[in-house]
Amino acid sequence: MNIKKELEAKAGIANGIYLNNIDIDPLMIKAIMINEVVPSDPSQDFYGTSDADYLKTTIPLLQGAGTEVTSIQDILQIGIYITNAVKTPKTEYSIDKSSIENSLPYLEAEISLFPNIKVIMLMGDVAKKAFNMIAKKTTKKNVIPAVSTYKLRNSEIYYKGIRVMPSYIMTGGNILIEKSKVTMATEDIVTMLKIIK
């Protein structure tokens, strides 16, 4: 299945929306990690070049959690699909609500492509916001409470039988500065790996 083709069929073709143009078996995927926003250069995204910026922080996080991954293909092979909540590059420092809303139909359709999902990891506040917006459509309330991520880390939160884990952003230069967040994100990934084994 080609992700981009499926999403365009479900949610339409839109200018400026960047979708993962990859072929994968949806039945193999047991976890989705939702990052915040696509990079301005698509080649730096998870499915871009082999030395893409987004992989330079993501692969070490997964290795720190005990996996032996060295590429995005390795990550897919262990049943983890990675995507971005916001499908358009950010133009300002923060991401506005309309950018999240414009990408929601694609993110919602993307999540629905994988019938065997056991865990959805929300890597950062934008991913948490986007997921809450999706969940609110059916449950009329937020799945993720509006409290700091570190207070939620040991909570077991479920949505439609899927464990939802709020964690920390896994891309960008800031992750290298905030060592405590790297440690916590790594611990969260360890928990996710145990659930999908």
Side-chain angles (χ1 to χ4, degrees), residues 29-39 45-46 53-69 72 75 78-87 90 92-97 99-101 103-104 107-108 110-111 114 117-197:
I29 302 301
K30 295 186 184 79
I32 301 175
M33 296 177 81
I34 303 175
N35 185 54
E36 296 203 323
V37 61
V38 296
D45 204 355
F46 300 105
D53 285 347
Y54 274 19
L55 291 174
K56 286 179 187 165
T57 51
T58 302
I59 288 172
L61 277 176
L62 285 155
Q63 289 172 338
T67 68
E68 294 181 13
V69 298
I72 191 65
I75 295 168
I78 58 172
I80 300 168
Y81 174 73
I82 306 176
T83 193
N84 296 291
V86 177
K87 312 292 187 192
K90 63 181 179 179
E92 294 167 31
Y93 180 73
S94 62
I95 297 166
D96 60 51
K97 192 176 177 189
S99 294
I100 300 174
E101 288 169 342
S103 297
L104 270 192
L107 182 62
E108 191 170 7
E110 202 167 17
I111 293 168
F114 304 103
I117 290 298
K118 293 180 179 175
V119 182
I120 295 173
M121 290 194 75
L122 307 174
M123 309 306 287
D125 290 340
V126 172
K128 280 196 319 196
K129 270 186 207 151
F131 194 79
N132 271 338
M133 289 162 96
I134 290 170
K136 253 186 174 164
K137 288 180 177 181
T138 52
T139 63
K140 305 292 181 237
K141 61 183 179 44
N142 287 337
V143 172
I144 310 299
V147 295
S148 297
T149 298
Y150 77 90
K151 290 181 180 171
L152 294 170
R153 288 182 60 240
N154 296 318
S155 309
E156 290 200 15
I157 301 167
Y158 289 89
Y159 174 72
K160 294 185 176 179
I162 299 167
R163 174 83 181 266
V164 182
M165 298 177 62
S167 191
Y168 296 96
I169 192 156
M170 60 185 183
T171 55
N174 288 351
I175 191 167
L176 304 171
I177 301 163
E178 300 188 60
K179 297 285 183 233
S180 64
K181 287 188 177 175
V182 171
T183 303
M184 289 187 281
T186 303
E187 289 167 356
D188 295 341
I189 292 167
V190 169
T191 302
M192 175 264 285
L193 291 167
K194 283 180 186 159
I195 296 168
I196 67 169
K197 283 242 158 45

*Asks:* Less than 4.5 Å apart, any side-chain heavy atom of Pro60 and any of Val182?
*Replies:*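 The answer is no, as the side chains (C-beta and beyond) never meet within the 4.5 Å cut-off.
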
*Asks:* Short question: side chain of Ser103, backbone of Val86 - any donor-acceptor pair under 3.5 Å?
*Replies:*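 No, because the side chain of Ser103 does not come within donor-acceptor range (under 3.5 Å) of the backbone of Val86.
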
*Asks:* Could you walk me through whether Val164 and Val119 pass the side-chain contact (heavy atoms from CB on, under 4.5 Å) check?
*Replies:* CA-CA 6 Å; Val164 182; Val119 182; over 6 Å; no

*Asks:* On a heavy-atom basis, which atom in Thr67 and which in Leu193 lie closest, and how many Å separate them?
*Replies:*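 Shortest heavy-atom separation between Thr67 and Leu193 comes out as CG2-CD1, 3.5 Å.
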
*Asks:* OG1 of Thr191 to NZ of Lys194: how many Å apart, nearest 0.5 Å?
*Replies:*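 The distance works out to 6.0 Å.
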
*Asks:* How close do Ser99 and Asp96 get, counting heavy atoms only, and between which atoms?
*Replies:*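 Minimum heavy-atom contact is N-OD1, 2.8 Å.
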
*Asks:* Go through it in stages, so that I can follow the logic: the residues are Ile117 and Ile111, the test is side-chain contact (heavy atoms from CB on, under 4.5 Å), and I'd like the CA-CA distance, side-chain angles, deciding distance and then a yes or no.
*Replies:* CA-CA 9 Å; Ile117 290 298; Ile111 293 168; 5.8 Å; no

*Asks:* From Met192 CE over to Met121 CE, what is the distance, rounded to the nearest 0.5 angstrom?
*Replies:*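 These two atoms lie 5.0 Å from each other.
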
*Asks:* Do side-chain atoms of Thr58 reach the backbone of Leu55 as a donor and acceptor pair under 3.5 angstrom?
*Replies:*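 No, the answer is negative, given that no donor and acceptor are paired below the 3.5 Å cut-off.
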
*Asks:* Take Ser167 and Lys181 through the test side chain to side chain donor-acceptor pair (under 3.5 Å) and record every step on the way to the result.
*Replies:* CA-CA 9 Å; Ser167 191; Lys181 287 188 177 175; over 6 Å; no

*Asks:* Distance from Leu104 atom CG to Phe131 atom CZ, nearest 0.5 Å?
*Replies:*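 Atom-to-atom, Leu104:CG and Phe131:CZ are 11.0 Å apart.
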
*Asks:* I need the single residue from Thr57, Asn84, Leu61 that forms a side-chain contact (heavy atoms from CB on, under 4.5 Å) with Thr171. Which is it?
*Replies:*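 Filter result, single survivor: Thr57.
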
*Asks:* Within the side chain of Tyr168, is there an N or O that forms a donor-acceptor pair under 3.5 Å with the backbone of Tyr150?
*Replies:*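 Looks like yes, one N/O pair under 3.5 Å.
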
*Asks:* If I compare all heavy atoms of Ile75 with all of Leu62, which pair ends up nearest, and what's the gap?
*Replies:*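 Closest approach of Ile75 to Leu62, heavy atoms only: CD1-CD1, 3.5 Å.
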
*Asks:* Does one side chain, of Glu110 or Tyr81, offer a donor that lies under 3.5 Å from an acceptor on the other?
*Replies:*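 Checked: Glu110/Tyr81 side chains pair up, N/O donor to acceptor below 3.5 Å.
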
*Asks:* Might you point out which heavy atoms bring Ile189 and Ala65 nearest each other, and give the distance in Å?
*Replies:*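 Smallest heavy-atom distance, with atoms named: CG2-CB, 3.5 Å.
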
*Asks:* Can you name the closest pair of heavy atoms from Val69 and Gln63 and give their distance?
*Replies:*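 Between these two residues, the closest heavy atoms are O-NE2, 2.7 Å.
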
*Asks:* Side chains of Lys90 and Ser94 only: does a donor on one sit below 3.5 Å from an acceptor on the other?
*Replies:*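 There is no such pair between these side chains.
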
*Asks:* Please determine, by modelled atom types, if Thr138 and Tyr159 share a side-chain donor-acceptor pair under 3.5 angstrom.
*Replies:*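 Side-chain D/A pair, Thr138 to Tyr159: present.
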
*Asks:* Could you list the residues that satisfy ring pair (Phe, Tyr, Trp, His ring centres under 6.0 Å) with Phe46, not counting sequence neighbours?
*Replies:*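 In terms of ring pair (Phe, Tyr, Trp, His ring centres under 6.0 Å), with neighbours along the sequence ignored, Phe46 is linked to Tyr54.
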
*Asks:* For Val38, is there any backbone N or O sitting under 3.5 Å from a side-chain donor or acceptor partner on Asp45?
*Replies:*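 No; judged by distance alone, with no hydrogens or angles, the pair does not exist.
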
*Asks:* Determine whether Val126 and Val37 make a side-chain contact, defined as any pair of heavy atoms from C-beta on separated by less than 4.5 Å.
*Replies:*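 Contact flag for Val126/Val37 side chains = no.
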
*Asks:* Let me confirm one number: the CD1-NZ distance from Ile78 to Lys197, rounded to the nearest 0.5 Å.
*Replies:*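 Spacing of CD1 (Ile78) from NZ (Lys197) equals 7.0 Å.
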
*Asks:* Has Asn142 got a side-chain atom pairing as donor or acceptor with Pro145's backbone, closer than 3.5 angstrom?
*Replies:*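 Side chain of Asn142 to backbone of Pro145, a donor-acceptor pair under 3.5 Å: no, none is there.
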
*Asks:* Hey, could you give me each pair passing salt bridge (Lys or Arg N to Asp or Glu O under 4.0 Å) that has a residue in residues 152-174? Not counting sequence neighbours.
*Replies:*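 For residues 152-174, and leaving out neighbouring residues, the salt bridge (Lys or Arg N to Asp or Glu O under 4.0 Å) pairs sorted by first residue read Arg153-Glu187, Arg153-Asp188.
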
*Asks:* Could you check if a side-chain atom of Asp125 sits within less than 4.5 angstrom of a side-chain atom of Thr149, using non-hydrogen atoms only?
*Replies:*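 The answer is yes; the side chains approach within 4.5 Å.
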
*Asks:* Working to the nearest 0.5 angstrom, can you tell me the gap between Ile120 CD1 and Leu122 CG?
*Replies:*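 Separation between the atoms: 7.0 Å.
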
*Asks:* Quick one: pull up CE in Met33 and CE in Met123 and give me the separation to the nearest 0.5 Å.
*Replies:*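 Nearest 0.5 Å value for the CE-CE distance: 4.0 Å.
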
*Asks:* Run the side-chain contact (heavy atoms from CB on, under 4.5 Å) check on Ile80 and Lys30 step by step: do they pass?
*Replies:* CA-CA 6 Å; Ile80 300 168; Lys30 295 186 184 79; over 6 Å; no

*Asks:* For Thr83 and Ile32, work out which heavy atoms get closest and say how close.
*Replies:*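 Looks like CG2-CG2, 4.2 Å.
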
*Asks:* What residues form a salt bridge (charged side-chain N to carboxylate O under 4.0 Å, His left out) with Glu36, not counting sequence neighbours?
*Replies:*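 With neighbours one apart ignored, the set is empty.
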
